[in-house]
Amino acid sequence: MNLKALKSQLLQWLIIVFVFTASGYARTIKGIVYSKTDQLPIPGVSVKVLNTKIGTNTDFDGKFTIETNDKTAVLQFSFLGYKSQQITVNDNKFLKIYLEENLSSLDEIIVLGNGIRPNQIISNRGLSHVLGMPPSNSNTESYATIQENGFKSVTLNPLSTFSVDVDGASYSNIRRYINGGSLPPIDAVRVEEMINYFDYNYEIPKKKPFSINTELSYAPWNENHLLLHVGLKGKTIDMKNVPHSNIVFLLDVSGSMDSPNKLPLVKSSLKLLLEKLRPEDRVAIVVYAGNSGLVLPSTSCSNKEEILKALDNLKAGGSTAGGAGLKLAYKVAEENFITDGNNRIVLATDGDFNVGQSSNGDMLRLIENNRDQGIGISVLGFGMGNYKDDKMEIIANKGNGNYAYIDNLLEAKKVLVNEFGGTFFTIAQDVKFQLEFNPAEVEKYRLIGYENRLLNEEDFEDDTKDAGEIGAGHTVTALYEIIPKAPAKELDQNLKYQDVKLNDYAKKSKDLITLKLRYKQPGTSKSKLIEKEVKAIPSVLNSTSNNFRFSAAVAGFGMLLRNSEHKGNITWDKVTLLAKLARGEDELGYRGEFIRLVNSAKLLDQSRLQEN
């Protein structure tokens, strides 16, 4: 090599060294963000490299990963209700960040309708551009009115009958409101769905499709009242042996779905579901906007590339003609029906579901008729601003399906991956409860939540009456608040034509209730009966299970959000303490997230009170 060539090569190496020295190597910084108050990880914290467009958010465990090629880079950590914090990277590769609570960060919040919302996008909330509430003049969300259950006299109403409900949509929707800087509208708060969002460590069923678990103690919000906890645990099934699936994705691609937390999130969510499906399963895709259409005929999941390609090509635009789309989806499901299989439509929409020339009654009859033929429908709700919760809940209830609200990809993973068996594979149909209260022990009672699931007394024995379904591995929980009968108090006998008298069994048994449960095995028309007595022997609250205390904390949270007349002396701090002591293992972090949500709601409520 001559000297000239050597000099040229040396110069090239010097240039390369200079460029890498000047720009630096890309470095990966990892860490966890905690609350300084309770030492719990915080999900959803905004992590940004100052003066750049580089940013991310912490996951459910408070963890983050971010890349920067600048040793002097400054990371900013911000979250609603906490002081922002800035940290210089230096040589650190792993950071532990502790954020302090800060009520003043909510100063920009103003009162609006049934809740509050940010006056503008809150600068210290990393997800506000995705999760924040829309301007007031664009908010057309709708919720069915809920008349909260009150206390009933046992002598006049000895029986309480209701259908089970395993949906959790209300809780994730509430989370969306609070994470966006607003308390939810009262009618968005369905306490039973909040309670049933969480899994409980109930006894694993042995012979029957589910186990029945009961516990009795004192109500945390009223020490003179009892609280009865009733829980069901569905049996788990080996996913290798479940029936083959015939699934039709019915996707809203109208103009209202054109935002990051709608159609793009729908696509990402369904891709997670596809990972769980086997080659023997089949998927079709029907879309609706101004018109409906078959985007993908029923396709074997051995050809997932074709299904993914069809999803990726979807774009939003046009009006909403949901009725035509629904009819086409049922037609496709029927044409590819699998005998003894899992035949199901998965509707993904913001709920702005116009039925076209057909009436709502026609739509519901279509859903019920196909339900009776073995085709169910599950509903995934997305987005905000024009969200129609009331419509979606009715569709899922009538169609023997689940209803979930997907506010982020982690929620999609919970519903479509972690709870795949419970979401898609039914182990018991038309599941109904009926509790008979012993007037010797109980004066009054009230069912907490389930207002839209109440049944008439005679419906319990009627096998033609539709009720809720339980999926594989699902838990279902119900709470009753009970006013015990005073020992010396006589039964109310203000009746003109009859006397109320106790029989000997009521006086001697010490039973609090007799619990009856009816259910049908899938594909059968005759129900089976399970019966169990619960004795009137309450435990001290501190000695109850984590199941009991955590569900009571969630119920208390729901009553605070609804400003319930039955909330007694419960406070945000009492709810937080009760939930902390009952958090348990919490492997996936959902209970820890609940505690943080309560704290955020407390700050929002304080801000509202200051405004007033």
Side-chain angles (χ1 to χ4, degrees), residues 149-164 191-192 195 200 202-203 208 210-233 431-450 453-455 457 460 475-493 500-518 529-552 554-556 559 566 568:
N149 290 331
F151 283 100
K152 292 189 174 184
S153 167
V154 173
T155 55
L156 300 178
N157 299 278
L159 298 175
S160 173
T161 310
F162 67 99
S163 163
V164 301
V191 180
E192 76 281 1
I195 294 170
Y200 298 92
Y202 295 140
E203 179 186 353
K208 293 184 171 62
F210 33 72
S211 63
I212 300 179
N213 307 263
T214 58
E215 210 167 348
L216 181 67
S217 185
Y218 297 91
W221 48 86
N222 190 327
E223 62 184 12
N224 296 317
H225 291 183
L226 299 176
L227 188 65
L228 174 65
H229 176 114
V230 179
L232 301 184
K233 169 71 173 180
V431 184
K432 314 169 196 175
F433 274 114
Q434 187 169 81
L435 278 67
E436 180 180 357
F437 290 84
N438 182 0
E441 301 290 343
V442 178
E443 182 176 339
K444 293 182 180 180
Y445 65 87
R446 78 177 190 97
L447 175 60
I448 299 177
Y450 291 91
R453 293 285 187 160
L454 300 178
L455 297 174
E457 173 185 320
F460 184 72
T475 60
V476 182
T477 301
L479 302 179
Y480 277 90
E481 185 175 358
I482 294 171
I483 300 176
K485 181 179 173 296
K489 188 172 181 179
E490 294 296 326
L491 292 176
D492 293 332
Q493 296 195 26
V500 179
K501 294 184 179 180
L502 297 178
N503 60 32
D504 290 339
Y505 183 82
K507 296 175 182 177
K508 296 177 181 178
S509 69
K510 297 297 181 184
D511 287 350
L512 181 81
I513 62 156
T514 294
L515 184 155
K516 295 180 182 179
L517 183 143
R518 284 196 176 275
L529 175 67
I530 300 176
E531 192 169 319
K532 178 177 182 177
E533 290 83 27
V534 177
K535 297 297 180 182
I537 306 175
S539 301
V540 177
L541 182 60
N542 291 340
S543 68
T544 57
S545 68
N546 288 340
N547 294 333
F548 184 97
R549 284 175 285 126
F550 191 82
S551 64
V554 179
M559 287 191 287
H566 304 294

Between CG on residue Asn157 and CG on residue Leu159, distance to nearest 0.5 Å: 8.5 Å
Side-chain (Lys532) to main-chain (Ile513) donor-acceptor, under 3.5 angstrom: no
Note, Phe210 side chain near Val164 side chain (heavy atom, < 4.5 Å): no
Straight-line distance of Leu228 CG to Ile448 CD1, nearest 0.5 Å: 10.0 Å
Atom pair CZ/NE2 of Arg446 and His225 - distance to nearest 0.5 Å: 9.5 Å
Lys432 versus Phe460, closest heavy-atom pair with distance: O-CE1, 3.6 Å
Ser551 and Tyr200 side chains, donor-acceptor separation under 3.5 Å: no
Interatomic spacing from CD in Gln434 to CG in Leu529 - rounded to 0.5 Å: 9.5 Å
4.5 Å side-chain heavy-atom contact, Leu479 and Val191: no
Asn438 side-chain N/O to Asp511 backbone N/O, donor-acceptor pair under 3.5 Å: yes
Pairwise side-chain contact, Pro220 with Leu227, heavy-atom cut-off 4.5 Å (strictly under): yes
Worked check of side chain to side chain contact (heavy atoms under 4.5 Å, CB included) between Leu232 and Ile212: CA-CA 5 Å; Leu232 301 184; Ile212 300 179; 3.6 Å; yes
Backbone N/O of Gly231 and side chain of Asn213: donor-acceptor pair under 3.5 Å: yes
Heavy-atom side-chain contact between His566 and Phe151 under 4.5 Å: yes
For Ala440 against Leu502, the heavy-atom pair lying closest together: CB-CD1, 3.7 Å
Val431 side chain reached by Val476 side chain, heavy atoms, under 4.5 Å: no
Rounded distance [0.5 Å steps], CD in Glu531 versus CG in Leu517: 11.0 Å
CD1-CZ distance between Ile530 and Arg518, expressed to the nearest 0.5 angstrom: 10.5 Å
Distance-minimising heavy-atom pair for Arg549 and Leu541: CD-O, 3.5 Å
Trace of the side chain to side chain contact (heavy atoms under 4.5 Å, CB included) decision for Ser545 with Glu215: CA-CA 8 Å; Ser545 68; Glu215 210 167 348; 2.7 Å; yes
Donor-acceptor contact below 3.5 Å, side chain Asn149 vs main chain Gly449: yes
For the student: nearest non-hydrogen atoms of His229 and Asn547, plus distance: CE1-O, 3.5 Å
Derivation of the side chain to side chain contact (heavy atoms under 4.5 Å, CB included) call for Phe437 and Lys444: CA-CA 9 Å; Phe437 290 84; Lys444 293 182 180 180; over 6 Å; no
Residue pair Leu216 / Ile537: nearest heavy atoms and the distance that separates them: CD2-N, 3.8 Å
Criterion side chain to side chain contact (heavy atoms under 4.5 Å, CB included) on Tyr218 and Leu226, from CA distance to verdict: CA-CA 4 Å; Tyr218 297 91; Leu226 299 176; 3.6 Å; yes
Any Lys510 side-chain heavy atom under 4.5 Å of Glu441 side chain: yes
Sub-4.5 Å side-chain heavy-atom contact between Thr161 and Phe433: no
Contact summary for Gly556 and Trp221, nearest pair of heavy atoms: N-CZ3, 4.3 Å
Thr514 side chain near Glu533 side chain, heavy-atom distance below 4.5 Å: yes
